[in-house]
Number of protein chains: 2
Amino acid sequence: MEKQPENCRVEDALSILVGKWKPIIILHLLQQGTKRFSELKRSLPGITQKMLTKQLRELEEEDIVQRVVYPQVPPKVEYSITEYGRSLEPILEAMHEWGTKHTLHKMEKQKQNQMTS
Amino acid sequence: MEKQPENCRVEDALSILVGKWKPIIILHLLQQGTKRFSELKRSLPGITQKMLTKQLRELEEEDIVQRVVYPQVPPKVEYSITEYGRSLEPILEAMHEWGTKHTLHKMEKQKQNQMTS
DNA sequence: TCCCTAAGTATCTTTTAGGATACTATACCA
DNA sequence: TGGTATAGTATCCTAAAAGATACTTAGGGA
């Protein structure tokens with residue numbers, strides 16, 4: 001890690017990952033390969049079309065996902081992770097691992113609060 | 001990584017790291033140890049007192065930083081990373097590494113765009 | 001002839017994050 | 001007597017993210 005936090009590039013990764021839906025979209029595509037728009041939508045309960053479209057376009061812009069349109073009616077559009085997008089996997093791994101620990105940490109804290117109250 | 005993205009805990013890590021100031025605050029404390037409020041403020045050009053206070057309180061709430069108040073006037077308050085907070089380091093490492101690659105990736109893309117235009 | 005589908009747009013409203021600015025307390029120092 | 005320093009609060013305001021809802025397109029099937 002750099003000596004000077006000012007020069008650090010953590011924000012770059014963060015800017016791609018933040019948002020209520022982006023991490024889970026990336027995880028779905030990482031784990032399940034190519035998916036149609038409607039499949040993704042079904043996989044993300046609560047997301048609106050507008051949001052899904054927006055997030056996917058932003059990820060495409062960053063070269064994290066690839067969008068393939070089949071010129072047919074009704075439309076068919078497939079999304080998949082790019083090779084470059086796959087390079088985010090270690091970050092997501094690290095976060096997942098930490099998140100699991102974090103759940104335990106919170107539970108322990110709650111237990112302690114109960115005991116002292 | 002879990003088979004089902006729904007059960008994944010990536011969001012937990014993300015929720016702690018997001019925000020315009022949190023990652024850089026954590027990095028400062030990780031690298032420079034204990035710091036007074038005013039020192040942190042000087043290290044973060046552009047941050048307002050309100051924001052710094054807010055971010056620090058939220059990190060304290062999550063047990064990422066520790067806050068120690070010395071009962072004296074003018075006030076003295078010291079902040080430091082907790083052991084638990086230190087466990088975020090691998091995530092920040094992974095992000096930093098990726099961010100560095102990302103910069104290169106963007107530069108290559110720009111070069112290609114210039115060549116095709 | 002009309003409805004269905006898939007993958008969107010277009011508007012409008014709500015929620016959240018972030019920022020600007022002013023104010024506070026109180027010991028110490030000139 | 002008044003100014004300085006530190007670590008905050010208290011209000012108000014703007015911008016960005018997110019959400020709700022309605023509309024579009026055009027081929028195929030009943």
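Per chain, numbering begins at 1; letters A, B, ... match sequence-line order.
Tyr70(B) comes within contact range of no nucleotide atom at all, as no heavy-atom separation falls under 4.0 Å. Counting non-hydrogen atoms under 4.0 angstrom, Lys76(A) reaches the backbone sugars and phosphates but no base.
The CZ atom of Arg36(B) sits 7 Å away from the P atom of dT6(D) (whole-angstrom rounding). The separation between Tyr79(A) atom OH and dA6(C) atom C1' is 11 Å, rounded to whole Å. Atom CD1 of Ile24(B) is separated from atom P of dG18(C) by 14 Å (rounded to the nearest Å). Per the geometry, CG belonging to Leu52(A) stands 10 Å off P belonging to dA7(C), to the nearest Å. Look at CD1 on Ile25(B): it is 13 Å from C1' on dG18(C), rounded to the nearest Å. Summarising the geometry, the separation between CZ on Phe37(B) and C1' on dA7(D) is reported as 6 Å, rounded to the nearest angstrom. If you measure from atom CD of Gln72(B) to atom C1' of dA5(D), you get 12 Å, rounded to the nearest angstrom. Between the P atom of dA20(C) and the NZ atom of Lys41(B) lies a distance of 11 Å, rounded to the nearest Å.
Residues meeting the salt bridge (charged side-chain N to carboxylate O under 4.0 Å, His left out) test with Lys35(B), sequence neighbours left out: none. With sequence neighbours excluded, the residues that form a side-chain hydrogen bond (donor to acceptor under 3.5 Å, both in side chains) with Ser87(B) are Trp98(A). Considering only residues two or more places apart in sequence or on other chains, Ser15(A) meets the side-chain contact (heavy atoms from CB on, under 4.5 Å) condition with none of them.
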Please encode protein proximity along nucleotides 22-30 of chain D as a string of B, S and -, counting only heavy-atom distances under 4.0 Å. ----BS---
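Ring pair His102(A)/Tyr84(B) is parallel by interplanar angle, where below 30° counts as parallel and above 60° as perpendicular.
Screening residues 55-66 of chain A for side chain to side chain donor-acceptor pair (under 3.5 Å), with sequence neighbours left out, gives Lys22(A)-Glu58(A), Asp63(A)-His105(B).
Between the side chain of Glu39(B) and the backbone N or O of Arg36(B), at least one donor-acceptor pair lies under 3.5 Å.
For dT9(D), one of the phosphate oxygens OP1 or OP2 lies less than 4.0 angstrom from a side-chain nitrogen or oxygen of Arg57(B).
For Glu97(B), the CD atom sits in a loose shell: 12 or fewer heavy atoms of surrounding residues, nucleotides or ligands are nearer than 6.0 Å. Heavy-atom neighbours of Gln72(B) CD from other residues, nucleotides or ligands within 6.0 Å: above the threshold of 12.
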Show me the protein contacts with nucleotides 14-20 of chain D, counting only N or O atoms at under 3.5 Å.
unit_1: dA18(D); atom_1: OP1; unit_2: Lys20(A); atom_2: N; d: 3.1
unit_1: dG19(D); atom_1: OP1; unit_2: Lys20(A); atom_2: NZ; d: 2.2
unit_1: dG19(D); atom_1: OP2; unit_2: Trp21(A); atom_2: NE1; d: 3.1
unit_1: dG19(D); atom_1: N7; unit_2: Lys50(A); atom_2: NZ; d: 3.3
unit_1: dG19(D); atom_1: O6; unit_2: Lys50(A); atom_2: NZ; d: 2.1

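Linking ILVMFWY residues whenever their side-chain heavy atoms come closer than 4.5 Å, directly or via other members, leaves Tyr70(B) and Val65(B) in distinct clusters.
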